[in-house]
Amino acid sequence: MMSKDWIDRDVARVWHGFTQMATYADNEPVIVERAEGHYLIGTDGRRYLDAISSLWVTTLGHRVPELDAALIEQLGRVAHSTLLGNGSKVVIEFAEALGEVVPIPDPHFMFASDGAAAVEQALKIAFQYWTNQGVRGRTSYLAFGGAYHGDTVGSLSLGADGFGSAIFDPLRFPVLRAPGFDASDCMAIAADMIRTDSERLAAVVVEPYVQGAAGVKIHDPAGFKVLQQACDETGVLLICDEVATGFGRTGTMFASQRCELTPDIMTLGKGITGGYLPMSVTVSNRKVHDAFLGEDLSEKTLYHGHSYGGNALAAAIALRHLRLLSEWSVLDNVAKRSAQLQQLLSEKVSLLSIVRDVRVAGLMCGVELEEKHKRGRRVCATAVRSGVLLRPLGDVIVIVPLLTSTEEEIETIVDVLADAISQEEGH
Ligand SMILES: *Cc1c(COP(=O)(O)O)cnc(C)c1O
């Protein structure tokens, strides 16, 4: 069947996220049929280099034999059993392995399926952490301008305006809002706000090092220290949302490490299973976890849990994936390819007349163009036609290559992008 037929069938039954369905078909969507390594293959038989890591979730590539094998092996045991009140062997093994690498000593892991759900869990945990100790009034959160933490109502409340969130203002609860990463003094301002309002703050929520969905906005890692200090002084919990930055994406295993942050709570998702299965997790330190200990069935219990939290198939893949990250020295490759990407972009892209800014953090990159209606969309469409799958965030072309990208693939991505932007310059 031709790709056109698949698009018609798609439109007839599937509602795509963040997508205007009235115009979806006009934007030449790729209908993926299968994948080979770093390439997605459409129903039209064309191959597309995955330069967005399937929206930031895929790490090592598609159809990684080792991950496929881990999945099949786990299928021979059990696919899923609930974590509510009972345990799962492979989840324990994964939690132990993850506990060795997260920047939180003596961590406890509460699993869910999506990043937004991990953020919701973090919000509820931070809130109840205080009520369990009889502290009243610590019911607010501090978040940053430009922040993105997911699309459920709680995570949307933490997030900044934009991304269509303002429509939901009547549902969003208010938060204290520090400036975004564009303001170089945003951390100092946030620290002041924490000290001034600590009595009503349950927690601060921040994307360490990089605000991804804001268009890859990078903040000097050294600047985060004042945030940690303000939290330490006031007891306000520090929640680091590493759904996007975790698992090597920005060059260190976790961005908190680069920023020298020791969060009380951390959220992970996206790359946790290498892009294979939905899994997310809220990580709590000992202090937070132990504030929920009490009598059986007592009010100190965290009454929260998702049906598929701690899915065994996802845990088996996540465990194998975590080991592959070190077995394959993936972080070394991220460092090399990131330096190469930065170099090539400054040679071939930065000087193009409509390019306003180029920002690179590990293998997460934003190329910001001068504003023009649908410009980002046109540039990406041109790249897709040339076989490189890109997707814009407004006027920012977001490049998120696979962590195992080769030298040649990075060259291809930059060449195709430079060409696509040059074509747009005449527009
Ligand atoms: C993507 C993202 C989320 C939401 O994750 P979903 O799995 O899409 O719900 C939350 N926080 C950050 C920083 C993200 O980039």
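All ligand and atom numbering here is 1-based and tracks the order in the structure. The residues of the chain are indexed from 1 along the displayed sequence.
Interface of E207 with ligand 1, defined as ligand atoms under 4.0 Å from a residue heavy atom, comprises 13 (C). Contact atoms of ligand 1 toward A244: 15 (O) (distance under 4.0 Å to a heavy atom of the residue). Taking a cut-off of under 4.0 Å to the non-hydrogen atoms of G115, the atoms of ligand 1 that pass are 4 (C), 5 (O), 6 (P), 7 (O), 9 (O). If you number the atoms of ligand 1 from 1 as listed, the ones under 4.0 Å from a heavy atom of G150 come out as 4 (C), 10 (C).
For atom 3 (C) of ligand 1, the closest heavy atom belonging to the protein is V243 CG1, 3.6 Å. Nearest protein heavy-atom neighbour of atom 11 (N) of ligand 1: D241 OD2, 2.7 Å. Scanning all protein heavy atoms for the shortest distance to atom 2 (C) of ligand 1 gives K270 NZ, 2.6 Å. Looking only at protein heavy atoms, the nearest one to atom 9 (O) of ligand 1 is A116 N, 2.8 Å.
Counting heavy atoms from C-beta on, the side chains of V216 and V398 come closer than 4.5 Å.
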Side chains of residues 119-133: which donor-acceptor partners sit under 3.5 Å, not counting sequence neighbours?
{"unit_1": "E120", "atom_1": "OE2", "unit_2": "T152", "atom_2": "OG1", "d": "2.4"}
{"unit_1": "E120", "atom_1": "OE2", "unit_2": "G154", "atom_2": "N", "d": "2.8"}
{"unit_1": "E120", "atom_1": "OE2", "unit_2": "S155", "atom_2": "N", "d": "2.9"}
{"unit_1": "Q121", "atom_1": "OE1", "unit_2": "H304", "atom_2": "NE2", "d": "3.3"}
{"unit_1": "Q121", "atom_1": "NE2", "unit_2": "M110", "atom_2": "O", "d": "3.3"}
{"unit_1": "Q121", "atom_1": "NE2", "unit_2": "T282", "atom_2": "OG1", "d": "2.8"}
{"unit_1": "K124", "atom_1": "NZ", "unit_2": "H304", "atom_2": "ND1", "d": "3.1"}
{"unit_1": "Q128", "atom_1": "NE2", "unit_2": "N132", "atom_2": "OD1", "d": "3.4"}
{"unit_1": "Q128", "atom_1": "NE2", "unit_2": "E299", "atom_2": "O", "d": "3.3"}
{"unit_1": "Q128", "atom_1": "NE2", "unit_2": "K300", "atom_2": "O", "d": "3.3"}
{"unit_1": "Q128", "atom_1": "NE2", "unit_2": "T301", "atom_2": "O", "d": "2.8"}
{"unit_1": "W130", "atom_1": "NE1", "unit_2": "A202", "atom_2": "O", "d": "3.0"}
{"unit_1": "T131", "atom_1": "OG1", "unit_2": "Q128", "atom_2": "O", "d": "3.2"}
{"unit_1": "N132", "atom_1": "ND2", "unit_2": "A291", "atom_2": "O", "d": "3.0"}
{"unit_1": "N132", "atom_1": "ND2", "unit_2": "K300", "atom_2": "O", "d": "3.1"}
{"unit_1": "Q133", "atom_1": "NE2", "unit_2": "Y129", "atom_2": "O", "d": "2.8"}

Let me have the donor-acceptor pairs involving side chains of residues 66-75, under 3.5 Å, with sequence neighbours excluded, atom names and distances please.
{"unit_1": "D68", "atom_1": "OD1", "unit_2": "Y276", "atom_2": "OH", "d": "2.5"}
{"unit_1": "E73", "atom_1": "OE2", "unit_2": "R77", "atom_2": "NH2", "d": "3.4"}
{"unit_1": "Q74", "atom_1": "NE2", "unit_2": "V78", "atom_2": "O", "d": "2.9"}

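A donor-acceptor contact closer than 3.5 angstrom links the side chains of H80 and N311. The closest side-chain donor-acceptor pair between S280 and D114, if any, does not fall under 3.5 angstrom.
Rounded to the nearest 0.5 Å, atoms CG (L84) and OG (S307) are 7.5 Å apart.
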